[in-house]
Amino acid sequence: MNLRKLIFTENACYKAGRKITPKGIMVHSTGANNPNLRRYVGPDDGLLGVNQYNNHWNQDRPDGRQVCVHAFIGKLKDGSIATYQTLPWNHRGWHAGGDANNTHIGFEICEDGLTDASYFNAVYKEAVELCAYLCKEYKLDPMAAGTIIGHYEGYQRGIASNHADPRHWFSRYGKSMDTFRTEVKKLLSAGEPPAGGSENTTYPEKLTTGYYRVRKTWADAKSQLGAYRILSNAKSQVDKNPGYYVFNNEGMIVYTTGSTSSPTYKEYTVVKGDSLWAIAAKLLGSGTRYTEIVKLNNLKSTIIYAGQKLKIPN
Ligand SMILES: [Zn+2]
């Protein structure tokens, strides 16, 4: 999970300032073809990109409506997937159009044209991880009736308005709120790594589209020593140049030398609201370097908890 935070302090919902004790989570999808977080989350923090229409939800009444959710999942301007927390989790949101606002954290998954399986799989996984994180945080049982529900299930229970989200999207890819809850439960179960987690990712030796790029940081394009179709060629370039990394076309670190010339590291204690991405951005200068923290700590999941001690590379 790539959890970031941009609280909607200008939204009338935030200003209303009512608190809840979260008893569950409601999953929404936006119902509009726009997977970009910047449509809803603003202003630009450098990662979101600029919303040229300025119609994001960090304003009194977005699109003239009294609406606000606790988080959005969608694309950053570089195309990678992130979750943005947009209200404190225990703030009363305006997402359900019913009593669920008094009990449920609500988040929106940004819909695209509903035909891109890879986008769907990425945001679905992100949503599972967000729910697992919230279940830990608020001691929620994901399988308990009414705890994790889709908007349409909220309607069936009489605690939300009549919407079909996210069933119409999930069902296109053989998913449902039942599979969703099961996957949250699985992720929460001790010792079980998340399906498709970064530690399971294997990268193809030979690319047919895009390149493996050798740079100091993804943002520092000028540091690029080369772009390669063949992974082993990129790796050998990194082996010869300490401080460089192999990045895939999306800017994720694929390879580091691992030849840690300095075996020392510093320790960091996770505080509430931290994400691996944010810690890497803060301490290592680049969010994409969170993979180094995952590796160094042998993490089985990108979910971290307040109080957890992490080794941070020097
Ligand atoms: Zn909804």
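Hydrogens, waters and symmetry mates play no part in the numbers below; they use all other heavy atoms, side chains included.
Using modelled atom types, one finds no donor on one side chain facing an acceptor on the other under 3.5 Å when comparing Asn248 with Tyr255.
Taking the six-membered ring for Trp and thresholds of 30 and 60 degrees, Trp89 and His70 have nearly parallel ring planes, at less than 30 degrees apart. Classified by interplanar angle (parallel below 30°, tilted 30° to 60°, perpendicular above 60°), the ring pair Phe120/Tyr173 is parallel. Ring pair Tyr40/Phe72 is parallel by interplanar angle, where below 30° counts as parallel and above 60° as perpendicular.
For Glu153 and Arg157, the salt-bridge test fails: no basic side-chain N is under 4.0 Å from an acidic carboxylate O. Looking at Asp63 and Arg39, a side-chain N of the basic residue comes within less than 4.0 Å of a carboxylate O on the acidic one, giving a salt bridge. Ion pairing between Lys311 and Glu292 fails under the 4.0 Å rule for side-chain N and carboxylate O. Salt bridge annotation for Lys175-Glu183: present, with a cationic side-chain nitrogen under 4.0 angstrom from a carboxylate oxygen.
The environment of OH in Tyr268 is crowded: more than 12 heavy-atom neighbours from other residues, nucleotides or ligands sit within 6.0 Å. For Lys19, the NZ atom is densely surrounded, since the number of other residues' heavy atoms within 6.0 Å is greater than 12.
Cluster partners of Met26, by chain and number: Ile149, Ile159. The rule joins Ile, Leu, Val, Met, Phe, Trp and Tyr whenever side-chain heavy atoms lie under 4.5 Å apart.
Between Asn102 and Arg18, the closest side-chain pair of non-hydrogen atoms falls below 4.5 Å.
The ring of His95 has its center closer than 6.0 angstrom to the ring center of His28. In this structure, His91 has its ring center under 6.0 Å from that of Tyr14.
Within the cation-pi definition used here (under 6.0 Å to the ring centroid, within 45° of the axis), Lys75 qualifies as a partner of Tyr119. For Arg213 and Phe247, the positive end is not near the middle of the six-membered ring at less than 6.0 Å and at most 45° from its axis. The cationic atom of Lys136 (NZ for Lys, CZ for Arg) lies less than 6.0 Å from the six-membered ring centre of Tyr305 and within 45° of the ring axis.
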Stepwise side-chain contact (heavy atoms from CB on, under 4.5 Å) test for Leu3 and Asp274: CA-CA 8 Å; Leu3 179 60; Asp274 266 345; over 6 Å; no
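Asn249 CG to Tyr211 OH: the interatomic distance, rounded to the nearest 0.5 Å, is 9.0 Å.
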